[in-house]
Amino acid sequence: NGWPVLDENVEWAYLNDDFPGDLKANRPSWLASLWYTDPSEQVKLGLSGARLSMKFDPRQTGAPTLNRGRTDFDFWIASAQYNAEDWTLTAEYAQEPLQWRGYGPFMPDRDATGDGWYVQGSYRLRPSLNLMLRYEEGYADTADRDGSRLEAASGGYLPANLGFSKILSAGIRWDINQHWMVRAEYSYNNGTFTLSSRENPDLRDRERYWNLFSVQAAFRF
């Protein structure tokens, strides 16, 4: 239980812009987590949850802004993992009911429930070399999984692919020694729900199908 620290990234995530004004916690938030691990540590099960209420205080600068409004949401996630000698299987499901109230004509009052899940398998070729395969899906609103309502409500301004993401990923990790690690991953994406509006402001310019390739090198002290 405590007061969360909110920054511009949170405002972009839940208000889709950086409006003149301040987004602050409306009251203390809580976070809880419960885990079970069997004696052999082969099976791990977990349930975690959080609740947050945010308020927006507008600042009049002459630029368009929102009215004094509030966003409330709950977030919970169920986790499961099975560990064998050479492989690990992990799955998680998350759900986030949201409410927006009082922001005015730029953001009418509404309710939505976002959710997402993934299944990931990893195989250890040897202790220092791991292969990974993951499939995941995420949705901005469970009542509009194909994004068609979003596109219709905006008069076609917002493409349907903003409302969902379906991603297939494959990767490899090599622990070179006790200090160095190298990881490479490729993802094939259907939908743009996972893309940040802050870094991708032209929503109509997003391609429904796109690829991502990443390489990471890490040094541990």
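Tested against Tyr93, the residues Trp76, Tyr139, Trp117 include a single ring-ring contact (aromatic ring centres under 6.0 Å, His included) partner, Trp76.
Residues Met181 and Gln216 form a side-chain contact, since some pair of their non-hydrogen atoms from C-beta on lies under 4.5 Å apart. Side chains of Ile167 and Tyr118 form no contact here, defined as non-hydrogen atoms less than 4.5 Å apart. Using a 4.5 Å heavy-atom threshold, the side chains of Leu133 and Leu168 count as touching. Contact annotation: the side chain of Asn83 never approaches that of Glu41 to less than 4.5 Å [non-hydrogen atoms, C-beta and beyond]. Contact annotation: the side chain of Arg101 approaches that of Asp111 to within less than 4.5 Å [non-hydrogen atoms, C-beta and beyond]. Side-chain atoms of Leu89 and Gln120, non-hydrogen and from C-beta on, never get closer than 4.5 Å to each other.
Heavy atoms only, all atoms of each residue included: Leu6 and Lys24 are closest at CD1-C, 3.5 Å. Heavy-atom minimum distance, Thr65 versus Arg59: CG2-O, 4.5 Å. Between Pro20 and Phe56, the shortest heavy-atom distance links the atoms O-CZ, 3.3 Å. In plain terms, the two heavy atoms of Asn67 and Gly102 that are nearest each other are CB-O, 3.4 Å. When all heavy atoms are compared, the tightest approach of Ala25 to Lys55 is O-CE, 4.0 Å. Closest heavy-atom contact between Leu150 and Gly163: CD2-N, 4.2 Å.
At least one donor-acceptor pair under 3.5 Å links the side chain of Glu11 to the backbone N or O of Phe19. Side-chain N or O atoms of Trp100 include one that pairs as donor or acceptor with a backbone N or O of Tyr14 at under 3.5 Å. Judged by distance alone, the side chain of Ser29 and the main-chain N or O of Pro4 form no donor-acceptor pair under 3.5 Å. A donor-acceptor pair is defined here as one N or O able to donate and one able to accept, closer than 3.5 Å; such a pair exists between the side chain of Trp210 and the backbone of Gly191. Side chain of Ser33 to backbone of Ser48: no donor-acceptor contact under 3.5 angstrom is found. Of the possible donor and acceptor atoms, one in the side chain of Asp144 sits under 3.5 Å from a partner among the backbone N and O of Arg149. Panel note: side chain Asp7, backbone Val10; a donor-acceptor pair is recorded below 3.5 Å.
Checked for salt-bridge contact, Asp74 and Arg51 meet the test: a charged N lies under 4.0 Å from a carboxylate O. With salt bridges taken as basic N to acidic carboxylate O contacts below 4.0 Å, none links Arg70 and Asp109. Residues Asp175 and Arg173 are paired through a salt bridge, judged by an N-O separation under 4.0 Å between the basic side chain and the carboxylate. A salt bridge links Arg145 with Asp115: at least one charged nitrogen is closer than 4.0 Å to a carboxylate oxygen. A salt bridge links Glu136 with Arg134: the closest approach of a Lys/Arg side-chain nitrogen to an acidic carboxylate oxygen falls below 4.0 angstrom.
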Exercise. Using the side-chain contact (heavy atoms from CB on, under 4.5 Å) rule, take Leu66 and Asp17 through it: C-alpha gap first, then chi angles, then the decisive distance, then the call.
Key: CA-CA 10 Å; Leu66 302 174; Asp17 208 333; over 6 Å; no
Practice problem: List the steps and the verdict of side-chain contact (heavy atoms from CB on, under 4.5 Å) for Lys44 and Thr88. | Solution: CA-CA 11 Å; Lys44 296 181 179 180; Thr88 298; over 6 Å; no
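Counted by atom type alone, Ser187 and Asn189 present zero donor-acceptor pairs between their side chains at under 3.5 Å. Under the 3.5 Å distance criterion, with hydrogens and angles disregarded, no donor-acceptor pair is assigned to the side chains of Asn161 and Arg206. Residues Thr37 and Trp35 have side chains that never bring a donor and an acceptor to within less than 3.5 angstrom of each other.
Residues Val119 and Tyr123 are members of one and the same hydrophobic cluster, defined by side-chain heavy-atom contacts under 4.5 angstrom among Ile, Leu, Val, Met, Phe, Trp and Tyr. Trp12 and Phe106 fall into different hydrophobic clusters, where Ile, Leu, Val, Met, Phe, Trp and Tyr side chains are chained together by heavy-atom contacts under 4.5 Å. Residues Tyr36 and Leu47 are members of one and the same hydrophobic cluster, defined by side-chain heavy-atom contacts under 4.5 angstrom among Ile, Leu, Val, Met, Phe, Trp and Tyr. Following chains of ILVMFWY side-chain contacts shorter than 4.5 Å, one cannot reach Leu98 starting from Leu162, and the two form parts of different hydrophobic clusters. Under the 4.5 Å side-chain heavy-atom criterion for Ile, Leu, Val, Met, Phe, Trp and Tyr, Leu23 and Phe73 are members of the same hydrophobic cluster.
How far CG of Asn130 is from CH2 of Trp174: 13.0 Å, rounded to the nearest 0.5 Å. Here the CG-CD1 distance, from Leu129 to Ile172, works out to 4.5 Å after rounding to the nearest 0.5 Å. Between Ser169 atom OG and Met132 atom CE the span is 5.5 Å, to the nearest 0.5 Å. Atom-to-atom distance recorded for Leu45:CG and Gln81:CD is 10.0 Å, nearest 0.5 angstrom. With rounding to the nearest 0.5 Å, the separation of CZ in Phe193 from CG in Asp141 is 9.5 Å. Atom CZ in Phe164 sits 10.0 Å away from atom OG in Ser148 (nearest 0.5 Å).
The aromatic ring centroids of Tyr188 and Tyr186 lie 6.0 Å or more from each other.
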